[in-house]
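Order of appearance sets the numbers: ligands from 1, and atoms from 1 within every ligand.
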Amino acid sequence: MLHGALIGCGFFAINQLNAWRDIAARDGSADIVALCDTNAERLAEVAAAFGISRTYTDAAEMLERETLDFVDICTTAPSHRALVELAASRKLPAICQKPLAPTIEDARAIVDACDKAGIPLMVHENFRWQSPLMAVRDILASGRIGRPFWGRVSFRSAFDVYAGQPNLATGKRFIVEDLGVHVLDVARFLFGDVLGLTARLARVNPDIAGEDVATMMLAHENGVTSVVDCSYATRLEEELFPQTLVEIDASEGSLRLSAGYQLTLTSRTGGVERHDLSPPLLPWASKPWHNVQESVLLIQKHWVECLLAGTRPSTSGDDNLKTFALVNAAYESAATGATIQLRDV
Ligand code: NAD
Ligand code: 89V
């Protein structure tokens, strides 16, 4: 069994701890043996809820005292660099939550530190691990709808994310950095790397500091043009949070992943196939978060498999730098009105 420690016992860590407990119960391949949070009260509450007795308010002390196989960092972005560098200094493989860092310079420093230490780094970029989105990618890879030439990856909602994550209301950058990073990653996952990006951003909600609407157009290396759009200012008849919808037009047909995880495949000759891709509701999950919660379990299982096999995680640091570059490009494009050409990161 791999022994891990989790740093940052806040809002989202509960999902990660539930998924670790699930993995330990399913096959015993990994478990969390120690917890760290600078907030002693929160630390005690979460430790009691998960029955983890080894707790620390200082990450360096925890890494000094515990014998670990990996560390799972679930703090917010400003602390990621120092915490990953701490893990790297002890040659301890690390998972780090998205967004990897507040700036691309810090994100590169994180990836460099892990490369120099020779340790695996996985960014907890879980959206591409949602089972409906993996099914879409499998259909594309199978060639069933031919060669894609256009796509849309869309996340539009009026869900009150600020209630659970109040820090999201205060940053100068909001939706592209926090949510767009996931949706842009899904676009890369489906259509591959990007040559150029054009973006327009808006703030509709007057009570937050950053932008809550983003529309981005991506020119992919393989010739696909995609639109990636995100909004937390969109009131719909049916609230779809946190569903990501996908539209793909291709040479032999089209694909639509619509509300309620409903997939429609239409062939060039007009044949229509429908599939229900609803994700399972895991025992510890709750709607509407269950698709995200399933993806947390799947990405953590992937990490364990990679660590045991010595293989590179799908969302390695290097891979995630390419998604991070799209986030940066979106802000730059919106500020300048220009299309940003993506260079090597
Ligand atoms: P949060 O503020 O609720 O929790 C962060 C916790 O980290 C707090 O309890 C804080 O006391 C602790 N902390 C901060 N610095 C620390 C340090 N140096 N050492 C130890 N503990 C420290 O934040 P959150 O909403 O849980 O978000 C955490 C991360 O998860 C963010 O990067 C966020 O973007 C990400 N997130 C990801 C998803 C997803 O689907 N992948 C969803 C929600 C949040
Ligand atoms: O991923 C996140 O950080 C979350 C959510 C899934 C709600 O966008 O803010």
*For the residue pair Y232 and F174, categorise the inter-ring angle as parallel (less than 30°), tilted (30 to 60°) or perpendicular (more than 60°).*
parallel

*Over 60° means perpendicular and under 30° means parallel, so classify the ring planes of F191 and H220, tilted if in between.*
perpendicular

Would you please say whether a donor-acceptor pair under 3.5 Å links the side chains of [X] and [Y]?
{"X": "N15", "Y": "W289", "result": "no"}
{"X": "D72", "Y": "Q16", "result": "yes"}
{"X": "R128", "Y": "T315", "result": "no"}
{"X": "T67", "Y": "H3", "result": "no"}
{"X": "S29", "Y": "D27", "result": "yes"}

Which of the numbered atoms in ligand 1 are under 4.0 angstrom from any heavy atom belonging to [X]?
{"X": "H80", "value": "32 (O)"}
{"X": "I7", "value": "19 (N), 20 (C)"}
{"X": "D178", "value": "34 (O)"}
{"X": "Q165", "value": "25 (O), 43 (C), 44 (C)"}

For [atom], which protein heavy atom lies nearest, and how many Å away is it?
{"atom": "atom 28 (C) of ligand 1", "value": "C74 O, 3.4 Å"}
{"atom": "atom 29 (C) of ligand 1", "value": "T75 O, 3.3 Å"}
{"atom": "atom 6 (C) of ligand 1", "value": "D37 OD2, 3.6 Å"}

*Ion pair present between R147 and D249, side-chain N to carboxylate O less than 4.0 angstrom?*
no

In this structure, does ligand 1 have an atom that sits under 4.0 Å from one of the heavy atoms of [X]?
{"X": "H182", "value": "yes"}
{"X": "A82", "value": "no"}
{"X": "A59", "value": "no"}

*asked:* Applying side chain to side chain donor-acceptor pair (under 3.5 Å), can you list everything that pairs with E239, at least two apart in sequence or on another chain?
replied: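 Partners of E239 under the side chain to side chain donor-acceptor pair (under 3.5 Å) test: S157.
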
_Partners meeting side chain to side chain donor-acceptor pair (under 3.5 Å) with R156 (sequence neighbours left out)_ = D229

Heavy-atom distances under 4.0 Å decide this one: backbone, side chain, both or neither, for [X] against ligand 1?
{"X": "K98", "answer": "both"}
{"X": "N126", "answer": "side chain"}
{"X": "N167", "answer": "neither"}
{"X": "T76", "answer": "both"}

*Just checking, R173 and Y331: is the charged tip under 6.0 Å from the six-membered ring centre and within 45° of the axis?*
yes

Please tabulate, one line per pair, the protein nitrogen or oxygen atoms found under 3.5 angstrom from a nitrogen or oxygen of ligand 2, with distances to 0.1 Å, or say none if there are no such pairs.
{"from": "ligand 2", "atom 1": "1 (O)", "to": "K98", "atom 2": "NZ", "distance (Å)": "3.3"}
{"from": "ligand 2", "atom 1": "1 (O)", "to": "H182", "atom 2": "NE2", "distance (Å)": "2.5"}
{"from": "ligand 2", "atom 1": "3 (O)", "to": "K98", "atom 2": "NZ", "distance (Å)": "2.5"}
{"from": "ligand 2", "atom 1": "3 (O)", "to": "D178", "atom 2": "OD1", "distance (Å)": "3.1"}
{"from": "ligand 2", "atom 1": "8 (O)", "to": "Y232", "atom 2": "OH", "distance (Å)": "3.3"}
{"from": "ligand 2", "atom 1": "9 (O)", "to": "Q165", "atom 2": "OE1", "distance (Å)": "3.4"}
{"from": "ligand 2", "atom 1": "9 (O)", "to": "Q165", "atom 2": "NE2", "distance (Å)": "3.1"}
{"from": "ligand 2", "atom 1": "9 (O)", "to": "D178", "atom 2": "OD2", "distance (Å)": "2.7"}

*May I ask whether L308 and W129 are part of the same hydrophobic cluster, defined by side-chain heavy atoms of I, L, V, M, F, W, Y residues being less than 4.5 angstrom apart, directly or through others?*
yes

*Connected via hydrophobic side-chain network under 4.5 Å: F149 and V194*: no

_I'd like to check whether F11 has a polar contact with ligand 1, where a contact means an N/O of the residue lying under 3.5 Å from an N/O of the ligand._
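Min N/O separation from ligand 1 is below 3.5 Å for F11.
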
*Polar contact flag for A13 and ligand 1 (N/O pairs, less than 3.5 Å)*: no

_Pairs touching residues 281-306 that satisfy salt bridge (charged side-chain N to carboxylate O under 4.0 Å, His left out), sequence neighbours left out_ =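 Salt bridge (charged side-chain N to carboxylate O under 4.0 Å, His left out) check on residues 281-306 returns no pairs.
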
